[in-house]
Each structure stands twice: as structure tokens, then as C-alpha cells.
2 protein chains.
Amino acid sequence: MVSLKDISKACGVSVATVSKALNDHSDISQETKKHVREVADKLGYRPNAAAQALKTNRTNNIGVLFVDEANSGLTHDYFNHVLDSFKRTAEENGYDITFINSGNKRLNNMSYLSHAIYRGFDGIVIACVDFSDPQVDELIKSEIPVVTIDHLFYNRTAIMSDNVNGINELATYVYEQGHRKIAYIHGKESGMESSVTKSRLSSFYKTLQDLGVDIPDEYVPAVPYRDTDAAYEATIKLLDLKEPPTCIFYPDDFAAFGGINAIRKRGLRIPEDVSVVGYDGIELARKISPILTTMVQDTEQIGSVAASKLIDLINNPKGTIVEQVVVKGNIERGESVARIS
Amino acid sequence: MVSLKDISKACGVSVATVSKALNDHSDISQETKKHVREVADKLGYRPNAAAQALKTNRTNNIGVLFVDEANSGLTHDYFNHVLDSFKRTAEENGYDITFINSGNKRLNNMSYLSHAIYRGFDGIVIACVDFSDPQVDELIKSEIPVVTIDHLFYNRTAIMSDNVNGINELATYVYEQGHRKIAYIHGKESGMESSVTKSRLSSFYKTLQDLGVDIPDEYVPAVPYRDTDAAYEATIKLLDLKEPPTCIFYPDDFAAFGGINAIRKRGLRIPEDVSVVGYDGIELARKISPILTTMVQDTEQIGSVAASKLIDLINNPKGTIVEQVVVKGNIERGESVARIS
DNA sequence: AAAATCTACTAAATCGTTTTCGTAGTTTCA
DNA sequence: TGAAACTACGAAAACGATTTAGTAGATTTT
């Protein structure tokens, strides 16, 4: 590898001068800068990230913690869209993205925090994890700049999808279409309730209460997120009630697919007999017939705001205010909710 | 940060001894090792990746290039499953995963190769890119260990999903169900044909030829991958032929959703009137009704084999043979192909 | 013309590791 | 008992960059 020393020899100037020339310091003449840069190009010089990091304590590398119970969040279509957008914004700003993990055998079973310190990440973004994990807590309490997505920690910047408004818009829309018997098969995590779930659920109750609609308890069962089979079962139960709902909300579009199957299995039509509402706005939701009524979360915005805010924090660790950014989604009215009278 | 020097002071031994003790060298006594490790733990020591990399020329970091036209491959459900599996295997072996990118403004608009050298990746995995990109070519020709996924380069190890066998199994199955008028709306990339497309197409022709089935040219239109709208249009055209097919293959499950919509729009039933065959085996394919007949690509295996082979190459850059690994998929017979007589 | 100020550069320390080469001190062997 | 062989450790160089403090020489100021 060609290093500063090689350039310095080829140019007949000191290593210090080469470094400064390449970094455009003010105490180097224009001619020298030009010359050094030409020679650097000619020799095919590329800086060495490790050496730079060692010296400057900056890696220009951001750690990403996207882990759900089963897999990494990579296969989760909401989170991978968020990550995709995050990555784009980060890279535009000169940062690379590396996944944080734990339990590395080579490294003494490092925790998330140890791993982050080991790699020297300038900042960290956390999403889609079990937020009650003590290792996550350790990260949150560390010195490293952190933003979280869809979860609010004390004293940490958070980017949140606007679940309160999302459910509110959906519920209001459904109400306006004439529905009064509205069920909400809502999501649940394996552990305790997440803030996402809580926000949505309370918004659901609040919205309908404000509209004067009463929701019986059996209209609000819980199933795991993205579990089509559980959603199927829960739907069957709802349809079997003496007073079945005319419209069913699902925790996510994925689960809604399970519900759709259940409804059709019962020989009922969508939306004429039962209306269906999803959440997320995954690509396929718009590709099926009827087009799914759902809340399209603004993954683009969430990801890029998260990256920008994190970079702000990195560049100004003490001065930047901790904030909570709420990103609104866009309702997709679709075709799966009927107008009834 | 606590460094070897701190431990060395606390233990009353030299830095060299500390390093060797932690790395379990043989010329350090058991007692010293024990003592050093205890003190290291007590002080909360974590190695510094940058310093290690600088000294050893090993980063334990693998570069990932997953880019398609629009986005990173992150939002592509086949590739993100592959990546997820790759990541898991790599991490189990002590490697981290960082995305390769190019055009970083901070770094003089680095190419992929420059970026890889800058970060000192021990190895690189390439998938889902425009393989005709000169920058990709530069990577392939570099000194860095590389494996590619679903594309074969001369002199580089490649992991390929078995598209020949995949299409063969599907076509044979459909034939056995009695179909003779079989169309294949096949995928096409924006640039030239990829090896994936070529393999599938030639396997389709070969299989049916061997079975004595004749395929008219108008049965084999091309549409972009994952484009539901284009698949919709192509399907409509097929249905409008004087002799419409009884079964239609799609480039992927996604596109198949477009086809399903078209068929239903025409008032036809699936599979009674028209049978549908996808490719990929995305999660939702099993969640719709009728369950989609498709080829489930073994993303788990592809990802983990890619990681293992890459790590072999890293550990033995010269000795390891370049190979081409073909990974078979599993047919999902589903419910979208009818038995006809 | 001496003093002060600039300009453009360099030497050297440093970041945190790893590794080579020595070397005291102990044990083994002839 | 002296030579050979081990054992357990340390000093120092090196990896490739950045940065501080210093300094010749030219230029400006008084």
C-alpha cells in the first residue's frame, strides 16, 4: 500500500507536509498542494482508515443495531426500508454503516457496547430491538451518540413514526365511511408492550371514544406482529361473535393478509361484507385486490431524519438538544373499506 | 479508554507481556496470564480495532456490495434474506459486516475498490448489482478475496441459486399436472441479460422441449423483475391470445401478484381457469389464497455458504480453490396450479 | 536598519497494538 | 560442573496517519 511516506519521498517534502496538503491545511502553498495531490493520484494513494481512526478517534462509521427476536431486522420490511434510507443519508455524509452484534466468540463474547467501543463507532442507531434487553440499556447509557427509532428513552434523541395520528386518521376514515362496529386485532411483542403498541392502542380507543363509538373488549384481541396465522385465528373468532364487527384493524399489513384469508374462507367478501385495515404500507399492499386500506409509514423520512440527527449529535455531542421527532405517515385509502349506511 | 499500557502499569509487567497474555501466547506463564486477564477485566479493557488493524493488516470486517438500480438490495426480499443469513454466519466467525459504497464526497468520490481498500476489508461479497459496472469489474480484478452471489466471474468463487433445476422442477411439475400451453413471462434487467435470467429461460425451453411441448414465441414475453404493473399488462396480453395459455410462469412472486390481479380482473379463477407459478418463495406467497406455486430459493444456505467460502478464502488466499457452488431450492407446490386433463 | 510579522515548511511525538529479538534465570544433560 | 536448552519476560520498532511546536527565510512595519 502506498502511504504518506511514499508520497513524501516522491515529492521531496516531509510527511507532515503531505498530510497537510491532502487535508487542505492553510499553511501549505498552493503549488505544493497541487504537486502533492498529483503525485498522490499518480501513485494511487488511498488513506488508511485504521491509521486515521487511531490518530483522530473518529472512524466515520456508524453502528446499526437492528435485531428482532428471530432475525436481524433485515428481513422486516418496515425496518429494512428505514435502514435503506438511513444508509443513503449516512453515506451521503461520508459515514459507513456497520452492524453491531454481540456474543462474538473471537472477542470474548462482547456485549453490544463493547463491540461499539471496539469498533469505535462515531454514533449508533437502534431500532427494532428488544428494548428491555440490558445490553441495549448499557448502550443507551453510554457516552456514544445514539438515536433510537420508534422507541423513546430518557435523554436520547428518538425518531418516531406517528402512530397516534396514524391510527387516528384510519379510525376517523373508517368512521366516516359509516362503520360503528370496529375491531382492532392489535400487535403484541413477546415481552412487554412496546411504545408503538401502546400508542396505537390508546389512540384507537381515544379516537373512537371521541367519536362516540363504544368498543367491546372482545373486539380488541392481541396477536404477535406479522403473524398471519394468529391473525387468521383471531379473525375467525371475531367473525363468530354474535355481533361481528363490520371492519377489522390489523397490527400490520402482513397480518392483514391472514385476516383476508380468514374472511374469504368464511365465504365473505371484502369489503362488501367485512372491511379490512392494515398498517405499514408495504409494497404488496398496493398490489393486491382490493388494494389494502392502510397507513403508509414514511420510512424514507424516518431513516433520513434519524441519520441527520445522529450526525448532528456526532458533530456536536454536547450542544445538540435531545429531541423527539415524530414523522407522520400517509393514509392509503385503498379499496378494502366499504362505505356503509 | 483503557489501553494495554494501563494494564501493564497496573500489573507491573510490560506492554508486550500484556498483549501476549491476552492473546494467549505460549511464552507467558499461566499465572501471569490469569493475573493480566483479571486486571484487564477489572479495568474494563476493550481492544482497539483500529490499532489492531493498523498493525496486523486484518480488520475482521467484510464489505458487502448489495446494490440494485433503485436502492440498496436491502429492500429486495430475496437479497435481504440472503444478506441476513450471510451476516449471521460471518458474525459467528468473528467478522463484522460493513456496506461498500462509492462516490463518498468526503473521500474524493472513492470507487468501490478504493473504499474497500480504505476500510481494509478482509473480504468482499457481491450480489444484486449491475455486474457490467466497471467499478464492479475493478473489484473483481483486485487482490481482495471476493465471492459473488448469483453471478459467475472468471476466477472468482460464486454461489448460485440453482435456477436451471428450479425452473426444470417447476416446469416438470406443471407438465405432470397436465398443462401443455405454458407461458413464461420472464424477467429482464435494464441492461443486458443476467446469468440468472439466461439460466432460467434456457432451462424453461430445454425442459419443455424434452417433454415434447412446443412454446410459441408470444408465450415468452419479458418484463422487469418485481414489476407488478408490467406483469399485469403482459398477463392481459397473454389472456387475449387466440390460444391463451393454461398456465403462466412469472419472473418472481412479486410479479405473480400482478398477474393474479390481471387474471381475476378478467373474471377468471385461479387455478381453475388459469394456473400461476411464481419464483423466490417470499413469505407472503404462502400466506395468500390460493397458496402460490413457486420455487423457494434457499436463501439461508446461499448466504451462509457464501460467508463460509469467503472466510476460507480470507484465511487461505492462495490455497483455496475457486469454486462454483450451486444451491438447490425447494419447490412449493402450493395451490395455484390446477390438475387438468 | 532593526524589530515584528508572515509564509511555508519540518521534526518528532503520538494513537494502541503486535512482534521480533534479546536476555536473565532456571533446569537438564553429559 | 560446565554446556545446552528452556522458560518467562521486556525493549523497541513498526503500522500510517495527525498535530504541535518550532524555525528558516522573506516581507512588512516603525
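Below, read A as the first sequence line, B as the second, and so on, with proteins coming before strands; counting in each chain starts at 1.
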Need one value for [X]: base, sugar-phosphate or nothing, where a base atom within 4.0 Å counts as base even if backbone is also close, heavy atoms only.
X         : value
Arg58(A)  : nothing
Asp27(A)  : base
Tyr118(A) : nothing

Could you tell me whether the phosphate oxygens of dC15(C), OP1 or OP2, come under 4.0 Å of any side-chain nitrogen or oxygen in Thr56(A)?
no
Between Gln52(B) and dG16(C), is there a contact of a side-chain N or O with OP1 or OP2 at under 4.0 Å?
no
Quick check on DNA chain D: between Thr32(B) and Asn57(B), whose nearest nucleotide comes earlier from the 5' end?
Thr32(B)
First of Ala51(B) and Ser26(B) reached from the 5' end of DNA chain D, by closest nucleotide:
Ser26(B)
With respect to the side chain of Lys55(A), which nucleotide from dT17(C), dA13(C), dC9(C) is positioned closest?
dA13(C)
Looking only at dC9(C), dA17(D), dC15(C), the nucleotide nearest the Lys5(B) side chain is dC15(C)
Does anything in residues 8-25 of chain A reach DNA chain D, meaning a heavy atom under 4.0 Å, and if so which residues?
Val15(A), Ala16(A), Ser19(A), Lys20(A), Asn23(A)
To the nearest 0.5 Å, what is the distance between CG (Leu113(A)) and CD1 (Ile124(A))?
7.0 Å
Send over the distance from [X] [atom1] to [N] [atom2], rounded to a whole Å.
X        : N       : atom1 : atom2 : result
Arg46(B) : dT17(C) : CZ    : C1'   : 18 Å
Leu4(B)  : dT19(C) : CG    : P     : 12 Å
Asn60(B) : dT17(C) : CG    : P     : 15 Å
Ile28(A) : dT20(D) : CD1   : C1'   : 14 Å
Leu54(B) : dG16(C) : CG    : P     : 12 Å
Met1(B)  : dG16(C) : CE    : P     : 10 Å
Asp6(A)  : dA14(D) : CG    : C1'   : 15 Å
Tyr45(B) : dG16(C) : OH    : P     : 10 Å

[X] bridged to [Y] by N-O distance under 4.0 Å:
X         : Y         : result
Lys34(A)  : Glu38(A)  : yes
Lys87(B)  : Asp96(B)  : no
Lys309(A) : Glu323(A) : yes
Asp84(B)  : Arg88(B)  : yes

Closest non-hydrogen atom pair between Ile97(B) and Ala90(B), with its separation:
CD1-CB, 3.9 Å
Backbone of Ser161(A) reached by a side-chain donor or acceptor of Asp150(A) within 3.5 Å:
yes
